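Just so we're clear, the structure is a prediction, and the values are computed from it rather than from any experiment. The first residue in the sequence is number 1, and the count goes up from there. Quick note: numbers below take in every heavy atom, side chains included, and nothing from hydrogens, waters or symmetry partners.
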Amino acid sequence: MLNLILTCKLQLYTNCNMASIFVSDKLPTSTLLELKVGDLINNNQDLSGTIQKIKISETDEFLMFRFVLAHGEIEVKKLKQVC
């Protein structure tokens, strides 16, 4: 019983210390590329959750990041900068 209580307290402590990362098209591409499955993200509107899957597609004009969550999907479109 004590082991179960300690395990639950540890999980609560761990979850409370996980910072949710706000993702938008203003975030640097390098930061978006560093996100991984298991990270906690939000779009500062109505969606937040743990990343279940990441899909990245590319065209000549932009990179599209799709972060699949348990209850939705957050998309971020980044324009490519041509030097």
Side-chain angles (χ1 to χ4, degrees):
M1 180 73 171
L2 181 59
N3 190 24
L4 178 61
I5 292 170
L6 290 175
T7 302
C8 290
K9 284 185 178 182
L10 179 61
Q11 288 174 345
L12 286 172
Y13 178 77
T14 304
N15 289 339
C16 289
N17 286 327
M18 283 185 66
S20 182
I21 300 166
F22 168 63
V23 293
S24 75
D25 60 350
K26 307 270 188 284
L27 203 62
T29 303
S30 59
T31 303
L32 291 169
L33 289 168
E34 289 177 8
L35 293 173
K36 58 191 175 301
V37 172
D39 286 346
L40 186 60
I41 63 170
N42 72 78
N43 67 352
N44 211 23
Q45 294 172 6
D46 58 348
L47 276 177
S48 67
T50 303
I51 299 173
Q52 310 262 316
K53 189 178 204 180
I54 301 171
K55 300 175 185 177
I56 302 172
S57 55
E58 181 178 14
T59 68
D60 290 339
E61 297 95 30
F62 63 86
L63 286 171
M64 174 67 81
F65 293 85
R66 284 195 176 114
F67 301 101
V68 180
L69 312 174
H71 301 290
E73 190 173 284
I74 296 176
E75 291 184 355
V76 178
K77 192 183 222 180
K78 294 289 291 185
L79 287 175
K80 285 186 176 178
Q81 295 181 359
V82 180
C83 297

>> Nearest 0.5 Å, please: how far is OG1 in Thr50 from CG in Leu69?
In response: 8.0 Å
>> So which atom in Lys26 and which in Lys78 form the shortest heavy-atom distance, rounded to 0.1 Å?
In response: C-NZ, 4.3 Å
> Roughly how far apart are Glu73 CD and Gln52 CD, rounded to 0.5 Å?
Replying inline: 12.0 Å
> Which heavy atom of Lys55 sits nearest a heavy atom of Val68, and at what distance?
Replying inline: CE-CG2, 4.2 Å
>> Within this structure, what is the CD1-CD1 distance for the pair Ile74 and Ile41, rounded to the nearest 0.5 Å?
In response: 4.0 Å
> Nearest 0.5 Å, what's the CG-OG1 distance between Leu79 and Thr59?
Replying inline: 9.0 Å
> For Thr31, what residues pass the side-chain contact (heavy atoms from CB on, under 4.5 Å) criterion, not counting sequence neighbours?
Replying inline: Leu27, Pro28
> Taking atom OG of Ser24 and atom NZ of Lys77, what is their separation to the nearest 0.5 Å?
Replying inline: 15.0 Å
>> Tell me every residue that passes salt bridge (Lys or Arg N to Asp or Glu O under 4.0 Å) with Glu58, counting only those two or more places apart in sequence or in another chain.
In response: Lys80
> What heavy-atom pair brings Lys36 and Ile51 nearest, and what distance separates the two atoms?
Replying inline: O-CD1, 3.6 Å
> Measuring from Ile56:CD1 to Leu33:CG, what's the distance to the nearest 0.5 Å?
Replying inline: 5.5 Å
> Quick one: do Phe65 and Leu40 end up in the same hydrophobic cluster if we chain Ile, Leu, Val, Met, Phe, Trp and Tyr together by side-chain heavy atoms under 4.5 Å apart?
Replying inline: no
